[in-house]
4 protein chains.
Amino acid sequence: VNFTSDNTYGVAPEILAAINAANTGTVPSYGRDSGTHRLKELFSRLFERDVAVFPVISGTAANALSLATFAPPHGAIFCHAESHSMVDECGAPEFYTHGAKLIEVGGANAKLDPILLETAIARLRKGDSHSVQPAVVTITQATERGAVYTVQEVQTISRLAKGHGMALHMDGARFANALAHLKCTPADLTWRAGVDVLSFGATKNGALGAEAVVFFDPECVKDFEYRRMKGGHLLSKMRFVSVQLETYISNGLWLRQAERANALTAKLVAGLSAAGVEITNQPQTNAVFVRLPDETVARLRKGGAQFYDWEDSKDGKTVIRLVTSFATPDEDVSRFLSLVKE
Amino acid sequence: VNFTSDNTYGVAPEILAAINAANTGTVPSYGRDSGTHRLKELFSRLFERDVAVFPVISGTAANALSLATFAPPHGAIFCHAESHSMVDECGAPEFYTHGAKLIEVGGANAKLDPILLETAIARLRKGDSHSVQPAVVTITQATERGAVYTVQEVQTISRLAKGHGMALHMDGARFANALAHLKCTPADLTWRAGVDVLSFGATKNGALGAEAVVFFDPECVKDFEYRRMKGGHLLSKMRFVSVQLETYISNGLWLRQAERANALTAKLVAGLSAAGVEITNQPQTNAVFVRLPDETVARLRKGGAQFYDWEDSKDGKTVIRLVTSFATPDEDVSRFLSLVKE
Amino acid sequence: VNFTSDNTYGVAPEILAAINAANTGTVPSYGRDSGTHRLKELFSRLFERDVAVFPVISGTAANALSLATFAPPHGAIFCHAESHSMVDECGAPEFYTHGAKLIEVGGANAKLDPILLETAIARLRKGDSHSVQPAVVTITQATERGAVYTVQEVQTISRLAKGHGMALHMDGARFANALAHLKCTPADLTWRAGVDVLSFGATKNGALGAEAVVFFDPECVKDFEYRRMKGGHLLSKMRFVSVQLETYISNGLWLRQAERANALTAKLVAGLSAAGVEITNQPQTNAVFVRLPDETVARLRKGGAQFYDWEDSKDGKTVIRLVTSFATPDEDVSRFLSLVKE
Amino acid sequence: VNFTSDNTYGVAPEILAAINAANTGTVPSYGRDSGTHRLKELFSRLFERDVAVFPVISGTAANALSLATFAPPHGAIFCHAESHSMVDECGAPEFYTHGAKLIEVGGANAKLDPILLETAIARLRKGDSHSVQPAVVTITQATERGAVYTVQEVQTISRLAKGHGMALHMDGARFANALAHLKCTPADLTWRAGVDVLSFGATKNGALGAEAVVFFDPECVKDFEYRRMKGGHLLSKMRFVSVQLETYISNGLWLRQAERANALTAKLVAGLSAAGVEITNQPQTNAVFVRLPDETVARLRKGGAQFYDWEDSKDGKTVIRLVTSFATPDEDVSRFLSLVKE
């Protein structure tokens with residue numbers, strides 16, 4: 001029973017099969033292969049408009065490169081205090097932007113609160129060279145707390161960002177999970193709602209290592225290819241990354257997998273609620289956070305369950321995080337629920 | 001007939017099989033899996049001493065991260081004028097070192113000339129804050145011109161570097177090809193000859209995407225892990241990178257593949273020489289550079305041969321580069337030679 | 001009546017005289033002159049221990065260079081949410097540290113609250129490469145709100161910083177004003193209380209343009225001189241900066257000037273309090289913040305008073321900042337108080 | 001007799017008087033004073049067109065900030081192998097550009113050779129993200145070897161730069177000396193010849209510490225003010241820098257001083273030539289390089305002359321550099337010549 005992260009699981013069989021099938025003959029290196037070129041058409045169709053798409057192999061690279069395209073060194077990037085960019089990337093955005101400032105903003109369920117965002121923006125003095133200048137707002141969809149921004153919520157933040165001349169970035173490491181929850185189109189959740197650039201994640205949901213940076217206005221790409229190269233993220237045998245992305249979005253694989261991961265968490269949530277366990281997040285996708293007595297936490301671990309403590313123990317209780325993936329066995333949920341109820 | 005680059009070929013069957021076999025169950029992410037841990041032991045055995053080893057997925061990342069570990073922002077990095085770090089990485093070393101200066105040095109066959117190196121070092125004023133300070137010498141083994149530094153040559157450069165308080169980095173994107181040519185031990189060609197850090201390449205010689213940064217003195221690792229993370233190069237499903245490296249160095253696979261690639265070039269060289277073609281490099285590994293009349297070049301292309309022009313046409317002749325790989329078909333060599341002789 | 005900033009005043013006559021006197025003959029450039037060398041002795045005597053001292057010409061440079069000496073690119077710098085480094089330097093610390101993360105911490109009167117600091121530090125995961133690592137705590141003495149840390153308060157923060165392996169930096173742009181208030185020795189307020197590096201300000205208190213970076217342990221200087229040069233802060237005619245610093249700390253000039261500035265603010269505070277004006281800060285040095293009805297604010301401006309609005313108008317009232325300097329005329333205080341009472 | 005550098009001399013009396021006169025009353029800080037604003041008009045008149053002008057306090061800052069305005073992190077900056085930016089700024093351009101690559105080009109008398117420049121540019125692969133991209137050409141006027149580019153030579157380089165989409169920067173640390181030699185207008189030597197941005201030096205020629213970055217097309221200024229602030233180069237008491245620049249260019253002071261410095265060198269050259277001394281540069285401004293027997297060099301030093309050895313002793317002879325300034329006493333030249341002839 002491993003609920004530590006969706007990262008602990010391997011590769012979807014369809015994607016691995018595609019990698020194997022791609023291992024034939026010679027193709028141009030460094031992304032000049034036909035498979036990589038095809039991504040533009042495939043992603044444009046998926047998003048119902050002409051997009052620019054660049055494969056990379058880590059979510060941190062996708063985020064940092066996206067942000068650096070829109071934020072100058074004297075720019076401010078507004079992000080949630082719990083966002084991956086803020087707390088889990090060791091300052092990669094600061095590195096790739098050459099020293100932009102990340103400004104943390106609060107909000108329940110790791111979702112940016114528009115009021116707090118507005119306040120944070122207002123603190124900067126526009127046009128005053130002593131102050132960093134508003135450049136980008138970044139939101140995570142689904143959030144690090146398993147919650148989802150509705151299309152309207154994305155629009156609200158986008159209007160706010162645009163009103164201050166800022167771009168909107170979406171960290172979609174778990175974009176599929178959000179989409180599976182909302183059941184809207186990829187276009188509605190992104191550019192139609194004002195998103196300028198998306199870190200389109202595939203790794204957590206079944207790829208071996210593949211993310212795509214999607215620019216909804218190809219004009220905005222600017223120096224992206226040079227930045228990617230300077231960061232060491234242009235791969236020689238790119239065909240093997242691109243084929244993962246192609247397979248991932250073909251025939252609805254990505255959404256089926258996200259639906260399965262979400263459904264497992266929903267089952268977990270139902271069982272935990274029935275057992276009277278305190279749920280501390282809004283578990284809309286594939287993660288649920290629960291507060292449990294420390295003895296229970298210990299007993300679960302003893303029983304073979306793996307997961308992360310998310311906060312330090314307080315008053316004898318600890319908040320833990322449970323994440324399900326496209327490949328989590330069904331029986332893991334029931335086994336975990338049995339352990340809880342013991 | 002594709003002689004453009006060893007990068008155009010895919011993955012060795014053994015390595016792909018290992019990736020497939022690794023796709024089972026859950027393992028800790030971000031390099032905390034047992035396969036990644038095992039690399040330390042395997043590489044220590046390979047190099048006959050206790051090393052620190054870090055998998056990354058591009059040669060540019062391996063080089064830039066290696067150099068940044070030894071060169072401060074005010075450091076000077078001496079490299080060959082034709083080296084990958086100097087001309088093919090879009091300034092990745094400058095980015096990762098936060099602005100160190102790469103100083104180009106000449107030498108035949110893309111090998112650093114020790115005399116020219118000494119002269120270049122002497123131009124810097126040590127201890128004067130107006131001048132960048134000697135920090136690292138980097139050499140490519142085998143070089144971008146297919147040549148190989150002998151163990152003695154590496155020692156000479158190492159002594160020179162050490163005499164000025166500098167570290168020695170080896171860009172081993174084609175380390176296996178060099179070793180296959182020299183038939184010495186990996187230890188003799190690296191730390192015993194004074195190399196401090198090695199970009200150990202596997203991608204060009206049969207991996208899907210896997211390089212290793214090898215520090216011969218684990219004390220020197222310093223901030224490496226933070227730099228790698230900041231660069232977006234710590235992969236979540238690291239097991240699939242590590243297993244490539246493990247398979248690559250197991251049972252002599254890497255050397256067998258390099259020997260094959262070298263042998264194909266040797267055959268090509270023999271045939272071209274016999275045909276009276278002018279060879280412009282010292283083809284010790286898997287690349288040969290030849291000067292051919294422009295009509296011949298055009299005829300070869302028409303005949304289906306693929307390769308890069310390496311220099312602009314001059315006096316009706318062009319220098320082209322021919323690279324063979326572990327997977328180049330034997331018949332490609334003979335077909336190419338027939339085309340030449342037509 | 002100009003209370004906008006101590007920066008709006010010029011140069012103390014003694015300091016200007018010294019600049020004039022220094023304009024004779026030839027001296028070595030770039031800080032190799034005897035006047036610059038003498039600073040080491042003078043500052044060592046002032047601080048009662050062997051220090052290393054480097055003149056620069058802006059407070060931002062002093063702060064950013066100090067922080068960069070202790071914070072690696074993957075470091076975290078804890079500072080007050082209202083500190084100059086956080087909000088008034090356009091990200092200079094991020095630039096000079098090559099992308100370290102500034103983490104804001106709250107506290108009344110722009111003083112770091114140790115409890116909030118402890119909490120902020122605890123959020124970082126030590127040794128985990130996904131997280132930036134604790135590197136420096138920076139405090140402003142006196143603060144941007146005119147308050148002063150007591151020696152004990154500095155000690156508390158220092159212990160906290162040291163307990164997490166961090167250095168302590170003091171932004172002393174108004175160090176003299178703090179010292180004049182506390183009446184302790186420079187040594188007691190700095191290294192004896194655990195400060196590792198001080199931005200010793202002189203410009204706001206009477207210099208033309210001169211700040212000193214003071215390292216209390218010369219071992220910690222490390223790459224400072226190279227960083228200063230790379231930043232373009234090594235001046236050719238350094239003698240004219242050094243002589244300002246020498247004159248400033250000689251014969252108690254600096255403290256006399258700070259005492260005068262503080263005394264003027266104290267008089268202002270007394271008058272404002274008597275007039276029933278709401279004072280919003282703890283005016284221990286040369287700045288007082290008051291909340292006044294917008295009509296009063298307008299009337300003061302109409303009457304010729306200059307000052308900054310510090311917060312946006314709210315409920316018909318605005319917080320304004322009043323700063324006095326070493327050179328503010330006595331009558332400006334009485335004229336301002338008369339204007340208030342009109 | 002001090003011929004080490006024009007930096008060793010102090011401040012012109014007119015400029016120091018102006019600094020003293022500026023020390024009155026309160027003025028807005030950080031360059032919002034009327035004196036700083038006036039520079040725009042004064043420099044626009046001087047250059048016969050609408051320019052943007054920014055005072056800074058070091059030549060290194062002026063150069064690095066100028067280059068960073070035109071060169072992205074993936075840009076290439078072409079400069080002479082002996083240029084200040086290449087060898088005397090500890091990598092400041094690399095720092096301010098966030099890792100652009102400086103590419104050295106040869107040429108006699110430290111002047112860029114257009115043919116070599118063309119060759120160097122041709123080596124970069126335009127549009128290929130593996131390669132840094134042509135961004136800026138920088139030339140020093142007068143050069144580090146005391147030579148001057150004619151207006152036509154500047155035009156030739158400009159055409160070359162523009163033909164490759166590059167900007168042209170002029171490091172004018174000794175711009176006045178070049179102008180005094182050529183006797184053309186400032187406009188002819190800069191924008192009319194294709195210069196986009198000029199580091200206009202005043203410090204070496206009589207200021208205390210003042211340089212100006214002059215953009216000939218105000219559209220090109222872009223992020224300059226933010227970069228300057230991030231670098232810590234926006235001074236609070238800017239009036240004292242601006243007044244130096246104003247006085248410097250008023251009433252022809254700058255040109256008179258440069259003429260005097262040049263004339264002293266001319267006298268030195270005449271005397272040395274008459275004495276049969278080998279002159280190794282083209283001494284068009286205020287520096288002459290001569291090759292002398294080591295015994296002569298020793299004797300000169302013993303006799304009280306100060307200067308730098310410019311190259312290591314070879315075959316019993318050493319090349320030394322002699323620099324005259326606006327303030328070098330006339331008798332120093334005759335005393336030096338007497339020493340030579342002894």
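In what follows, chains carry the letters A, B, and so on, assigned in the order in which the sequence lines appear, proteins first and then strands, with residues in each chain numbered from 1.
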Has the side chain of [X] got a donor or acceptor atom that lies under 3.5 Å from a matching backbone atom of [Y]?
{"X": "K230(B)", "Y": "A92(A)", "result": "no"}
{"X": "K237(A)", "Y": "G10(B)", "result": "yes"}
{"X": "Y96(B)", "Y": "G231(A)", "result": "yes"}
{"X": "Y30(A)", "Y": "N7(B)", "result": "no"}

Got a second to check how far N23(B)'s CG is from L16(A)'s CG, nearest 0.5 Å?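 Spacing of CG (N23(B)) from CG (L16(A)) equals 5.0 Å.
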
Can you tell me how the ring of F95(A) sits relative to the ring of H98(B), calling it parallel under 30°, perpendicular over 60° and tilted otherwise?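 Judged by the thresholds at 30° and 60°, the geometry between F95(A) and H98(B) is perpendicular.
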
Could you check whether the rings of H233(B) and H233(A) sit parallel, tilted or perpendicular, using 30° and 60° as the cut-offs?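 Parallel: the ring planes of H233(B) and H233(A) meet at under 30°.
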
Identify the heavy atoms of [X] and [Y] that sit nearest to each other, and give their distance.
{"X": "S58(B)", "Y": "L235(A)", "result": "CB-CD2, 3.9 Å"}
{"X": "T60(B)", "Y": "M229(A)", "result": "OG1-CE, 3.5 Å"}
{"X": "R239(B)", "Y": "T8(A)", "result": "NH2-O, 2.9 Å"}

Of the listed residues (D88(B), V27(B), L65(B)), which shares the most heavy-atom pairs with chain A below a 4.5 Å separation?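 Winner by heavy-atom pair count: V27(B).
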
Selection from V241(B), T4(B), N20(B) maximising heavy-atom pairs under 4.5 Å formed with chain A: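 So the answer, after comparing V241(B), T4(B), N20(B), is N20(B).
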
Heavy-atom pairs under 4.5 Å with chain B are the metric here; pick the option from [options] that has the most.
{"options": "P28(A), S29(A), A61(A), C90(A)", "answer": "C90(A)"}
{"options": "V56(A), N2(A), L234(A)", "answer": "N2(A)"}
{"options": "S236(A), G59(A), S5(A), P329(A)", "answer": "S236(A)"}
{"options": "D33(A), T328(A), L208(A), N63(A)", "answer": "L208(A)"}

Contacting moiety of [X], where chain B heavy atoms sit under 4.5 Å:
{"X": "A62(A)", "answer": "neither"}
{"X": "Y9(A)", "answer": "both"}
{"X": "T203(A)", "answer": "both"}

In the structure I gave you, are the side-chain heavy atoms of I19(B) and V11(A) within less than 4.5 Å of one another anywhere?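 No; the side chains remain at least 4.5 Å from each other.
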
For A327(B), is it the side chain, the backbone, both or neither that has a heavy atom under 4.5 Å from a heavy atom of chain A?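 Neither part, no heavy atoms under 4.5 Å.
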
